[in-house]
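Read the structure below first, then the notes.
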Amino acid sequence: MRVLVLGSGVIGVTSAYCLARAGAHVTVIDRQPGPALETSFANAGQISPGYASPWASPGLPLKAMQWLLQRHSPLSIRPDGSLWQWHWMARMLRECTPDRYATNKERMVRLAEYSRDCLRQWRQELDLRYEGRALGTLQIFRTAEQLHNARKDTTVLDRCQVPYKLMTPGECIEQEPALASRQHLLTGGLYLPGDETGDCQRFTTLMADQARALGVQFRHDVQVDQLLHDGRRVTGVRLLSSHGAEVRLADAYVVAMATYSRGLLRDLGLDLPVYPVKGYSLTLPITQPDAAPRSTVLDESYKVALTRFDQRVRVGGMAELAGFDLKLRPSRRATLERVVQDLFPDAGPLDQSEFWTGLRPMTPDGTPVIGPTRIDKLWLNTGHGTLGWTMAAGSGQLLADLLLGHAPAIRSDDLALRRYERAFSHHTGLGPVPATRTAAASPKRKAPPGSLEGLV
């Protein structure tokens with residue numbers, strides 16, 4: 001079977017690897033000069049199945065209003081000039097009920113736990129050195145309310161059999177000794193021992209090498225201009241490069257283009273509810289190893305994660321709803337620097353840090369969209385939000401199993417696009433929507449110089 005994978009971020013590359021390992025002839029198309037140079041480039045480095053939770057929760061509407069009034073808010077909203085931005089937020093608010101939250105969290109934890117198991121198997125089989133650690137995640141709470149909410153949230157962890165431990169401030173220090181001088185800031189913590197860390201961009205580059213060894217062809221500096229179709233099936237994909245336009249044919253087409261997937265699919269009448277949620281990161285060199293975190297520390301107040309690599313700390317997080325804006329805002333950098341100074345002030349020099357931003361492809365319910373569509377030959381693997389690195393290995397394996405007709409290892413029927421389509425919920429057709437060329441028109445974005453390589 002010939003498969004075209006559109007996108008070479010961590011999701012596209014793991015999809016290509018799994019397809020090729022199962023015998024498919026795979027070609028990967030990407031507009032960038034190499035793999036993992038956009039959303040996968042400098043994320044927070046967490047592999048966190050235990051922290052796989054939808055943003056749409058019962059307390060979100062009130063929290064959001066409070067956050068928007070804060071100087072160092074984890075959330076900001078900048079109108080992008082589209083009705084879709086407000087429509088997407090409305091759809092997200094509809095997911096903020098206790099029942100929807102529990103359903104969505106179970107989906108996310110199911111996929112994230114499976115993905116971690118797949119990643120562990122790959123590490124046993126392949127030589128993957130991506131600065132990985134398996135020391136868990138410590139989510140720290142600064143207020144009694146945060147600790148109380150965490151106790152309520154553990155019921156879902158129990159249901160999903162995710163190991164965890166609620167910790168006192170003293171136990172938090174035992175887990176992360178560099179927090180000893182900051183104990184007065186803590187009311188407690190939630191430790192997730194099954195979580196891991198690693199540099200996502202390095203991992204993706206290594207997996208691209210493994211995919212090439214299986215025969216996968218990578219075509220970089222090539223833009224996906226349009227999916228050709230006859231209303232029922234995809235008949236080809238139109239590509240643009242320095243050599244001009246061409247049409248490529250395949251037996252199946254996998255769209256893994258993160259936030260740009262939605263624009264590509266609208267011409268087919270598919271309503272992919274993915275919105276670009278902007279996040280930021282800093283990466284600073286470690287000059288005092290004992291003053292840096294051992295693994296990942298997640299600050300619940302600021303929604304910022306601090307992750308230890310070999311010789312660097314990656315600080316990432318926040319959510320900005322501003323469309324496809326990629327401007328680096330000094331106020332966001334100030335928030336990341338404040339968290340570092342609060343928790344690990346002596347870890348490394350902030351004036352030597354690299355500042356980066358990326359767009360996370362977020363669905364209203366927080367769960368990615370994986371599987372077939374009602375358009376024959378068209379498959380999706382996108383919408384992972386802040387958990388693309390966490391869910392990448394399992395998403396790639398699940399996509400490959402479904403596409404090639406193999407029995408998947410986990411339940412997957414509730415991950416496909418049909419959960420969002422009116423045709424699925426109301427038994428009516430989904431009418432056409434205006435076409436867009438967002439994916440083709442958006443400019444190439446080179447990775448910044450320095451050691452940044454892989455946002456909450």
Side-chain angles (χ1 to χ4, degrees), residues 44 46-60 62-63 92 95-121 133-176 186-197 295-301 303 305 363-368 370 384-387 389-395 398 408-415 419 456:
Q46 295 172 267
I47 306 168
S48 301
Y51 193 66
S53 299
W55 288 8
S57 62
L60 177 68
L62 178 59
K63 286 181 182 178
M92 187 178 187
E95 299 289 334
C96 292
T97 67
D99 287 345
R100 294 302 305 158
Y101 175 78
T103 296
N104 295 330
K105 184 175 178 69
E106 188 280 326
R107 291 172 176 167
M108 296 173 71
V109 171
R110 180 204 318 157
L111 178 59
E113 289 276 307
Y114 172 59
S115 185
R116 189 195 57 210
D117 293 344
C118 291
L119 179 59
R120 288 175 174 173
Q121 181 178 347
R133 295 179 173 226
L135 300 175
T137 294
L138 176 62
Q139 183 181 8
I140 61 169
F141 308 119
R142 297 176 183 243
T143 68
E145 180 184 8
Q146 291 171 352
L147 184 59
H148 174 70
N149 291 336
R151 289 195 177 100
K152 293 192 298 182
D153 204 36
T154 58
T155 57
V156 181
L157 297 178
D158 288 330
R159 187 184 315 138
C160 297
Q161 297 182 327
V162 176
Y164 68 89
K165 181 181 180 181
L166 286 166
M167 288 184 164
T168 65
E171 290 173 323
C172 291
I173 304 305
E174 292 178 8
Q175 182 60 36
E176 287 287 353
L186 311 179
T187 62
L190 175 66
Y191 177 56
L192 300 162
D195 286 6
E196 302 179 6
T197 62
S295 185
T296 290
V297 174
L298 180 62
D299 190 330
E300 176 64 15
S301 294
K303 301 293 185 182
T363 61
D365 65 10
T367 310
I370 305 172
H384 295 74
T386 63
L387 295 169
W389 183 199
T390 295
M391 297 178 172
S395 296
L398 178 61
I410 61 172
R411 180 186 171 190
S412 62
D413 61 293
D414 55 352
L415 302 179
R419 75 179 189 269
V456 172

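Under a 3.5 Å cut-off, the side chain of T390 and the backbone N or O of A112 do not form any donor-acceptor pair. Proximity of a side-chain donor or acceptor of R116 to a complementary backbone N or O of S48 within less than 3.5 Å is not detected. The closest donor-acceptor contact from the side chain of K105 to the backbone of P54 lies at 3.5 Å or more, if one exists at all. A donor-acceptor pair under 3.5 Å links the side-chain atoms of T103 to the main chain of D99, judged by distance alone. A distance-only check finds no donor-acceptor pair linking the side chain of Q121 to the backbone of C118 [under 3.5 Å]. Judged by distance alone, with hydrogens and angles left aside, the side-chain atoms of T137 form no donor-acceptor pair with the main-chain N or O of T296 at under 3.5 Å.
Contact between V109 and P49 at its shortest, heavy atoms only, is CG2-O, 4.0 Å. Considering every non-hydrogen atom in both R110 and R411, the closest pair reads NH1-O, 2.9 Å. Residues G50 and L157 share a closest heavy-atom pair of O-CD2, 3.5 Å. Taking all atoms of both residues into account, the shortest heavy-atom contact from A102 to R159 is CB-NH1, 4.0 Å. In terms of heavy-atom proximity, P169 sits nearest to G188 at CG-N, 4.0 Å.
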Compile the donor-acceptor pairs under 3.5 Å between side chains in residues 138-145 and protein atoms, sequence neighbours left out, one pair per line.
from	atom 1	to	atom 2	distance (Å)
Q139	NE2	E300	OE1	2.6
R142	NE	D299	OD1	3.2
R142	NE	D299	OD2	3.1
R142	NH1	D342	OD2	3.1
R142	NH2	D299	OD2	2.6
R142	NH2	D342	OD2	3.2
T143	OG1	Q146	N	3.1

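At a threshold of 4.5 Å between non-hydrogen side-chain atoms, the residues L111 and T367 do not count as touching. Side-chain contact between C96 and P58: absent, with no pair of heavy atoms (C-beta onward) separated by less than 4.5 Å. Side-chain contact between Y101 and S53 is present, with heavy atoms from C-beta onward closer than 4.5 Å. Counting only heavy atoms from C-beta outward, the side chains of L387 and Y51 never approach each other to under 4.5 Å.
Side-chain contact of T363 with D365: a donor-acceptor pair under 3.5 Å is present, judged by distance alone. Side-chain atoms of D195 and Q46 form no donor-acceptor pair, as typed in the model, at a separation below 3.5 Å.
For P193, the side-chain contact (heavy atoms from CB on, under 4.5 Å) partners are P163, Y191, not counting sequence neighbours. Taking E196 as the reference, R120, R123 meet the salt bridge (charged side-chain N to carboxylate O under 4.0 Å, His left out) condition, with sequence neighbours excluded.
Taken from NZ in K165 to CD in Q175, the straight-line distance is 9.0 Å, to the nearest 0.5 Å. Note that OG of S57 is 11.5 Å distant from CD of E95, once rounded to the nearest 0.5 Å. Rounded to the nearest 0.5 angstrom, E174 CD and E171 CD are separated by 6.0 Å. Put simply, CG on L190 and CG on L147 are 9.0 Å apart, with the number rounded to the nearest 0.5 Å. One distance of note links CG of D117 with OG of S115; it measures 8.5 Å at 0.5 Å rounding. Here the straight-line distance linking atom CD1 of I370 with atom OG of S395 works out to 3.5 Å at 0.5 Å rounding.
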